[in-house]
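Everything numeric in this text was worked out from a predicted model, so none of it was measured. Below, chains carry the letters A, B, ... as their sequence lines are ordered, and counting in each starts from 1.
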Number of protein chains: 2
Amino acid sequence: MSDHDESALLPMVRKLAYWGDFDAADQSAILDLPHRTKRIERNGYIARERETTTHSCLLLSGFAFRHKIVVDGARQILAIHMKGDLVDLQNSFLGVADHSVQTLTDALVAMIPRDAIKQLALQRPRVGMAMWYDTLVDASVFREWIANVGRRDAHTRVAHLLCEFSLRLKVAGLGKATDYELPMSQEHIADCTGLTPVHVNRTLKLLEKENLISRRTSRSIRIGDWNRLADAGDFDTNYLHLREGESALARV
Amino acid sequence: MSDHDESALLPMVRKLAYWGDFDAADQSAILDLPHRTKRIERNGYIARERETTTHSCLLLSGFAFRHKIVVDGARQILAIHMKGDLVDLQNSFLGVADHSVQTLTDALVAMIPRDAIKQLALQRPRVGMAMWYDTLVDASVFREWIANVGRRDAHTRVAHLLCEFSLRLKVAGLGKATDYELPMSQEHIADCTGLTPVHVNRTLKLLEKENLISRRTSRSIRIGDWNRLADAGDFDTNYLHLREGESALARV
DNA sequence: CGGGAGGTTGACAATCGTCAATCAGAGTGG
DNA sequence: CCACTCTGATTGACGATTGTCAACCTCCCG
């Protein structure tokens, strides 16, 4: 794949390679996928609920989130995505989008036509299988979030979210597990956890008072004792289905 | 596929055929999948969190549910499955199960080895793609449940669940959309919606008083005006990604 | 007839939400 | 460099949806 060093899709190969035993042709096929990189500014939409999506995208930099709006206008965030994530394999294959995807920060994405991905999956089943696995991991995270929002109290919910971030940012190479910058406001945290911004604020304060976290600025999270926060958040890395090396990070 | 008329896996062909343009060989390959049918009694486990799963299963009759237990022992139900559903494509591919799957009633299942499914997906990409789509729909339902549990009040949550059941039972050929038997206790409903059994009880009573539902016995649900219940439940069929004919059922 | 699971109800408690004011920090124009 | 502004963070007082506890009832089944 020496002639592909420049492809913006390299992170996609890296992401998928874990699940499939790719040969050079598989890798080339991914890198050769037609795509167009695009800059999207903060709060820009990648997909809108009820619209038809024709492209999937690879997040090259920045953060994005999926969400739904319920009847009274409240927003529920369903997932956060970061550098290297394959966003919207979900919506694009099923036709009409069942949720919206929006950027949390300015972002750079590679837009890939849905049909090209479909062709790739059909012609190179190993790659198709790897993409399938990738969406299965997404689904696992959704399940954990159902449990988080459904059966944990505010304190545990927020701690859990902070742990998830900690690990995922580390794995994505975006910071240390014990010291990172939250890419979102307390209102976003509230919409992730099914709480109100006010209650999230109180909960963060409490976590701070308990010495589970400390904050230099309101968004910079430092975790003193990772295992203690994980306990508080009822956090078990299992659901992230990390590869060997990565889950080791959980033991700080 | 005339020589396969007896295969227990026929429902699997029917389920998947919608997503792929199968030829006779694809269909045969599915029907030829090695499998063993097995009877599981009520509350039996199909998979246990933290254990390794080697089989996926097709639910031939009865009901099943996925769930997680959180730290204080509370249970969160993640999904309900019924006749024809392909259960545990999720857990089995990712190795260690991140949640448990248990039957709600006595059930009959066809156990299919994970590796056989994997081989099928690699050798017949169209079938692989169809299975992928099937799990994407599961993921869509998970997302809706996050929103249900995270951002709707008890009244709306329960109404939403009743609507989802109504449609899915109808689609699975297990009852009329406006008159069906709930396969679960109020405690199960509570664990689906993140409420307590007591509050579920009160909510059902309220729905009854509002004439949104009526019950002959505690589990037989009759929906007077489907659209009114759907409004109360903030229910939009979109997330179920039903095929053409099926979503038409939504308009009763 | 006895036992058990599950449904129903009431009284009371508490987590979390609402409302509203104030504060802090980043960016902007003069 | 300083006012100005805007978004987001913080805090307090109060309210309410939902949980807890506990009793009792109902139905099913051996």
Side-chain angles (χ1 to χ4, degrees), chain A residues 41-43 63 65 70-77 104-106 148-162 181-209 213-221 232, chain B residues 41-43 63 65 70-77 104-106 148-162 181-209 213-221 232:
Chain A
E41 59 186 18
R42 195 164 86 106
N43 290 328
F63 292 86
F65 64 106
V70 300
V71 68
D72 61 0
R75 176 177 67 179
Q76 175 66 45
I77 294 182
L104 212 42
T105 62
D106 290 350
N148 202 39
V149 162
R151 283 295 186 219
R152 296 196 180 110
D153 64 19
H155 189 258
T156 316
R157 271 185 234 185
V158 173
H160 190 280
L161 186 68
L162 293 178
E181 200 68 20
L182 266 179
M184 57 187 180
S185 69
Q186 293 179 4
E187 182 163 3
H188 288 118
I189 297 180
D191 289 343
C192 287
T193 51
L195 300 167
T196 56
V198 172
H199 203 68
V200 166
N201 185 286
R202 289 195 251 260
T203 306
L204 287 171
K205 287 260 143 184
L206 179 57
L207 288 169
E208 212 168 4
K209 201 167 74 180
I213 61 170
S214 59
R215 299 179 294 170
R216 272 181 305 101
T217 69
S218 70
R219 298 194 187 182
S220 73
I221 305 293
Chain B
E41 60 185 16
R42 195 164 88 104
N43 290 328
F63 292 86
F65 65 106
V70 301
V71 69
D72 61 1
R75 175 176 68 179
Q76 175 66 46
I77 294 182
L104 213 41
T105 62
D106 290 349
N148 201 40
V149 162
R151 283 294 186 220
R152 296 195 180 111
D153 63 19
H155 188 258
T156 316
R157 272 185 232 184
V158 173
H160 190 281
L161 186 68
L162 294 177
E181 200 68 20
L182 265 181
M184 57 189 179
S185 69
Q186 292 178 6
E187 183 163 4
H188 288 119
I189 298 180
D191 289 344
C192 287
T193 51
L195 300 166
T196 55
V198 172
H199 202 68
V200 166
N201 185 286
R202 288 195 252 262
T203 307
L204 286 170
K205 288 259 143 183
L206 179 57
L207 288 169
E208 211 169 3
K209 200 167 76 179
I213 61 170
S214 58
R215 298 179 294 170
R216 270 182 305 102
T217 70
S218 70
R219 297 192 186 185
S220 73
I221 305 292

task = Measure the distance from CZ on B/Arg216 to P on C/dG7 and round it to the nearest whole Å.
result = 16 Å
query = Rounded to the Å, how far apart are A/Lys209 NZ and D/dT11 P?
reply = 11 Å
task = Measure from NE2 on A/His188 to C1' on D/dA9 and round the result to the nearest Å.
result = 14 Å
Side-chain heavy atoms of A/Ile189 within contact of A/Thr203, under 4.5 Å = no
task = Using atom NZ of A/Lys205 as one end and atom C1' of C/dA24 as the other, report the distance to the nearest whole Å.
result = 11 Å
note = Side-chain contact check for B/Arg219: nearest option of D/dT10, C/dG6, C/dT8 is C/dG6
key: Backbone N/O of B/Ala74 and side chain of A/Arg151: donor-acceptor pair under 3.5 Å   = no
inquiry  = When the axes are fitted on five pairs at both termini, how much does the helix from C/dC1-D/dG30 to C/dG30-D/dC1 curve, in 10° steps?
reply    = 40°
key: A/Val158 vs A/Leu161 side-chain heavy atoms within contact, under 4.5 Å   = no
key: Separation of atom CD in A/Glu187 from atom P in D/dT10, rounded to whole Å   = 14 Å
ask   = Has the side chain of B/Arg152 got a donor or acceptor atom that lies under 3.5 Å from a matching backbone atom of B/Arg157?
value = no
ask   = Does A/Gln76 offer a backbone N or O that forms a donor-acceptor pair with the side chain of A/Asp191 under 3.5 Å?
value = no
ask   = In terms of heavy-atom contacts, does CZ of A/Arg215 have more than 12 from other residues, nucleotides or ligands at under 6.0 Å?
value = yes
request  = Under the side chain to side chain contact (heavy atoms under 4.5 Å, CB included) rule, collect the residues that match up with B/Ser220, sequence neighbours excluded.
outcome  = B/Glu181, B/Arg216, B/Thr217
request  = Scan nucleotides 17-30 of chain D nucleotide by nucleotide, 5' to 3', and note B when protein non-hydrogen atoms come under 4.0 Å of the base, S if they reach only the sugar-phosphate, - if neither.
outcome  = -BBBB---------
key: Min side-chain heavy-atom separation B/Arg75-B/Phe65 under 4.5 Å   = yes
request  = Find the distance A/Arg42:CZ to C/dG27:C1' and express it as a whole number of Å.
outcome  = 12 Å
request  = Check whether any side-chain heavy atom of A/Pro183 lies under 4.5 Å from a side-chain heavy atom of A/Arg219, and answer yes or no.
outcome  = no
message = Please report the distance, rounded to the nearest Å, between CD in A/Gln186 and C1' in C/dA24.
response = 12 Å
key: Separation of D/dG8 C1' from A/Glu181 CD (nearest whole Å)   = 14 Å
B/Asn201 vs C/dT8: side-chain N/O to OP1/OP2 distance below 4.0 Å = yes
query = Has B/Arg215 got a side-chain N or O lying under 4.0 Å from the OP1 or OP2 atom of C/dT8?
reply = yes
